[in-house]
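Quick one: the structure is below, questions incoming.
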There are 2 protein chains.
Amino acid sequence: MADDIAAARRSGASASSERPLDMAGLENTLGFRLRLAQQYVFRDFVTRFSAIEINPVLYSALILIEKNRRCRQSELAMALGVQQPNLVDRIDSLVQRGLVSRTPDPQDRRANVLMLTATGKGFMVGLHAIHDQHTAHLKRQLGEDEYAVLIGLLDKLR
Amino acid sequence: MADDIAAARRSGASASSERPLDMAGLENTLGFRLRLAQQYVFRDFVTRFSAIEINPVLYSALILIEKNRRCRQSELAMALGVQQPNLVDRIDSLVQRGLVSRTPDPQDRRANVLMLTATGKGFMVGLHAIHDQHTAHLKRQLGEDEYAVLIGLLDKLR
DNA sequence: TATTGTTATACTCTATAACTATA
DNA sequence: TATAGTTATAGAGTATAACAATA
């Protein structure tokens, strides 16, 4: 009988015949919720930043380079939660775009020191403005207080 | 001067010379926090489920097939947040392992109906047990109440 | 004409081993 | 001997177009 109802829903009026599935078994599954929430947030992020060709990892990298003088690639990789080799091409792209300088550290010539260029500092103004709009959108979705609570709870996971 | 302190930290006693970067500029960035939290949760998930060769998407698929009689691939794809073509190989693997049956729907022979096999139903017992341990670990990390709060806030993002 | 499932494909992200130059 | 950055590569996840069978 329940199958008949489901079948009736399937052949309903609307073109797309998908019924929403019963998600009860996943109500308690944090990883599933995290994946869907990240999908939503990243989609909004990517849309807003597409005009300046910045994705979430490049954004985080630029912010950390801005706030940390004489930042190294190994430090950046650890902070971002990515492997060093996967950072190389991304830094390359920032250097080629003239946003970041990569110079050998005179104190340890194995290491590269990353800094914003003058162009990069100018670029950050627009970057912060777009991110403010992105954050405002998410805060409207959640409420200002709950946004802060969510960030706090996510930080407890490590 | 601040650079001297950073340099001193870099050449400190410990083998790994990485200083922790100042993350202040990302305190407010939800996408970044979501990514790190998901990294942590998925790593724990993958470790615990590796013995039975189940990853997060396969887990969610099995749960939804278990709870939804006569589930279709298109419905599953929408619920899981993946594209239909990316589900095909995954369902293949569950069918090949004898956990799921995929049979044409007599009412609409374009569609496949997914159901747990007898083997699959037995498999779910162990699956639930491992997931309970995984969830217990996360609740210890967060606290029982805050775990529920976190799930609720993540659900508001859509 | 539209939809379900499928194939093929391309792009991104991620993880690891091995190389180089420095230390 | 160990570390910073790099190269090359393999695996997984993801998105899109096009096709066959069916509606």
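This structure is a prediction, so every number in the text was calculated from the model and none was measured. In what follows, chains carry the letters A, B, and so on, assigned in the order in which the sequence lines appear, proteins first and then strands, with residues in each chain numbered from 1.
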**Prompt:** Please give, in whole Å, the distance from C/dA17 P to A/Q84 CD?
**Reply:** 15 Å
**Request:** Output yes when at least one side-chain N/O atom of A/R90 is less than 4.0 Å from OP1 or OP2 of D/dG5, else no.
**Result:** no
**Asked** Between atom CZ in B/R35 and atom C1' in C/dC13, what is the gap in whole Å?
**Response** 10 Å
**Message:** Expressed as a whole number of angstroms, how long is the span from B/D105:CG to D/dA23:C1'?
**Reply:** 12 Å
**Item:** A/Y40 and A/Q141: side chain donor to acceptor below 3.5 Å
**Value:** yes
**Asked** Considering heavy-atom distances to DNA chain D, does A/R43 or A/V88 have its closest nucleotide positioned more toward the 5' end?
**Response** A/V88
**Request:** Give a yes/no on whether any side-chain N or O of B/R102 is located under 4.0 angstrom from OP1 or OP2 of C/dT4.
**Result:** no
**Request:** State whether B/E27 and B/R33 are salt-bridged, where the test is any N-O pair (Lys NZ or Arg NE/NH1/NH2 against Asp/Glu carboxylate O) under 4.0 Å.
**Result:** yes
**Request:** Assign B/N112 to base, sugar-phosphate, or nothing according to its heavy-atom contacts below 4.0 angstrom with the strands shown.
**Result:** sugar-phosphate
**Message:** Taking the nucleotide of DNA chain C with the nearest heavy atom to each, does A/R109 or A/V57 sit closer to the 5' end?
**Reply:** A/V57
**Euclidean distance, atom CG of residue B/L114 to atom C1' of C/dG5 [Å, nearest integer]** = 11 Å
**Prompt:** Between A/D89 (CG) and C/dA15 (P), how many Å, whole number?
**Reply:** 16 Å
**Request:** Could you tell me whether the side chain of A/D108 has a donor or acceptor atom within less than 3.5 Å of a complementary atom in the base of D/dA4?
**Result:** no
**Item:** For atom CD1 of A/I91 and atom P of D/dA4, their distance in whole Å
**Value:** 16 Å
**Item:** Within the 6.0 Å centroid threshold, strictly below: B/F45 and B/Y59
**Value:** yes
**Fill in**
From CG of A/L87 across to C1' of D/dA4 the rounded distance in Å is 12 Å
**Request:** Could you check how far CZ of B/R72 sits from P of C/dT6, rounded to whole Å?
**Result:** 13 Å
**Request:** Name the nucleic acid region contacted by A/Q73, choosing base, sugar-phosphate or nothing; use a 4.0 angstrom heavy-atom cut-off, strictly under.
**Result:** sugar-phosphate
**Message:** Under 4.0 Å from OP1 or OP2 of D/dG5: is there any side-chain N or O of A/S74 that close?
**Reply:** yes
**Worked check of salt bridge (Lys or Arg N to Asp or Glu O under 4.0 Å) between A/R109 and A/D105** = CA-CA 5 Å; A/R109 304 225 317 285; A/D105 186 339; over 6 Å; no
**Message:** Taking the ring centre of each residue, are B/H137 and B/H134 less than 6.0 Å apart?
**Reply:** no
**Item:** Side-chain donor/acceptor of B/N86 to base of D/dA15, under 3.5 Å
**Value:** yes
**Message:** On the nucleotide C/dA2, are OP1 or OP2 found under 4.0 Å from the side-chain N or O atoms that B/R110 carries?
**Reply:** no
